[in-house]
Amino acid sequence: DRRSGFALDLPHGRLRLAPAATGSMAPYVCELTIATADSNTAINELLAKRKIAHVRHDKSVIVPPELAGGISLRFVPSD
C-alpha cells in the first residue's frame, strides 16, 4: 500500500491495516472507505445538517477520527 501498512481491496471498499502506533503492537483499523451510490449526496446533507466538520479530497468526503469514534471515515462515490 502506498501509505504503508497493508490494504485489502474488497468489492465495495478497502480494509487498511496500518503499522502499529508508537508503543503499541496490536493492529487497528485507522480508516474505513465507504462507496456511495449517490455521489455522496446523502452524507453531504447529513454532515451539513449536523454541522460535522469534514474535509474533501478529490471526490472523497472525509470525517476525521476525532469526530468518528477514532477511525477516519472516507466516503467515495462509486460512480
Side-chain angles (χ1 to χ4, degrees):
D1 183 58
R2 292 177 294 180
R3 290 191 272 173
S4 78
F6 175 77
L8 178 61
D9 286 318
L10 302 170
H12 298 287
R14 173 180 281 193
L15 174 64
R16 180 184 314 281
L17 296 176
T22 55
S24 171
M25 294 305 293
Y28 64 97
V29 177
C30 61
E31 181 178 285
L32 180 63
T33 300
I34 302 162
T36 64
D38 66 351
S39 298
N40 288 339
T41 301
I43 193 62
N44 283 324
E45 290 173 3
L46 181 66
L47 293 171
K49 180 179 177 182
R50 297 194 180 171
K51 298 180 179 158
I52 298 172
H54 57 283
V55 295
R56 297 181 189 280
H57 183 266
D58 295 326
K59 294 182 179 181
S60 299
V61 175
I62 305 163
V63 179
E66 309 79 61
L67 302 175
I71 184 171
S72 178
L73 298 177
R74 178 184 297 263
F75 297 90
V76 180
S78 60
D79 48 10

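Cluster annotation: Leu46 and Val55 are assigned to distinct hydrophobic clusters (Ile/Leu/Val/Met/Phe/Trp/Tyr, side-chain heavy-atom contacts under 4.5 Å, transitive). Ile43 is not connected to Val76 by any chain of hydrophobic side-chain contacts under 4.5 Å among Ile, Leu, Val, Met, Phe, Trp and Tyr, and they are in different clusters.
The two residues Ala68 and Val63 come nearest to each other via the heavy atoms CB-CG1, 4.0 Å. Scanning all heavy atoms of the two residues, the minimum distance from Pro77 to Lys59 falls at CD-O, 3.3 Å.
Leu32 CG to Phe75 CZ: the interatomic distance, rounded to the nearest 0.5 Å, is 8.0 Å. Between Leu73 atom CG and Leu67 atom CG the span is 10.0 Å, to the nearest 0.5 Å.
In this structure, the side chain of Ser78 engages the main chain of Thr36 through a donor-acceptor pair within 3.5 Å. One N or O on the side chain of Asp38 and one on the backbone of Asn40 form a donor-acceptor pair closer than 3.5 Å.
The side-chain heavy atoms of Glu31 and Thr33, taken from C-beta on, include a pair separated by under 4.5 Å. Side-chain contact between Ser72 and Ile62 is present, with at least one heavy-atom pair separated by less than 4.5 Å.
Across Arg56, His54, Lys49, a single residue satisfies side-chain hydrogen bond (donor to acceptor under 3.5 Å, both in side chains) together with Asn44, and that is Arg56.
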